[in-house]
Amino acid sequence: MTLLAVLLFLNAAFNVLVWPTFYRRVAKDPRAHDAQGKATRFLVVHTVLIAVALTLAAASVIAGIAALVA
C-alpha cells in the first residue's frame, strides 16, 4: 500500500506543479482571446482539461491517504 500511496502523491504533485504553469502559458496565447477580449474555445477547452487534471490530483491525494490508512 505504501508504493501505491507514493505513486498517487507523485501524480498529484506533478499535476499541481505542471498544469497551473501550463494555464498561464495558454492564457497568454493569442488564440486564447478574440478581438473583443472574450475567451475563445481554445481557452475554454484548455481550462476544462486543466480543471479535470487538478480534480484528479485532489482525488489522488485522497486515495493516497486512504491507501496509507488502510
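Along the sequence shown, residues carry numbers from 1.
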ask   = In chain order, what residues pass the side chain to side chain donor-acceptor pair (under 3.5 Å) check against Thr21, with sequence neighbours excluded?
value = Arg24
request  = Nearest 0.5 Å please: distance from the CG atom of Leu10 over to the CG atom of Asn15.
outcome  = 11.0 Å
task = Give every residue pair that meets the ring pair (Phe, Tyr, Trp, His ring centres under 6.0 Å) criterion with at least one member in residues 1-20, sequence neighbours excluded.
result = Trp19-Phe22
Side-chain atoms of residues 38-53: list all donor-acceptor pairs with protein atoms under 3.5 Å, sequence neighbours left out, distances to 0.1 Å.
from	atom 1	to	atom 2	distance (Å)
Thr40	OG1	Arg31	O	2.5
Thr40	OG1	Ala32	O	3.2
Thr40	OG1	Phe42	N	3.4
His46	ND1	Phe42	O	2.7
Thr47	OG1	Leu43	O	2.7

N/O donor to acceptor pairs below 3.5 angstrom from side-chain atoms of residues 58-70, sequence neighbours left out:
from	atom 1	to	atom 2	distance (Å)
Ser60	OG	Asn11	ND2	2.7
Ser60	OG	Leu56	O	3.0

task = If a pair satisfies ring pair (Phe, Tyr, Trp, His ring centres under 6.0 Å) and one of its residues is in residues 48-70, list it, with sequence neighbours excluded.
result = none
task = Please list all pairs passing the ring pair (Phe, Tyr, Trp, His ring centres under 6.0 Å) test where one or both residues lie in residues 50-70, with sequence neighbours left out.
result = none
message = Hydrophobic clustering (ILVMFWY, side-chain heavy atoms < 4.5 Å, transitive) - are Met1 and Leu8 grouped together?
response = yes
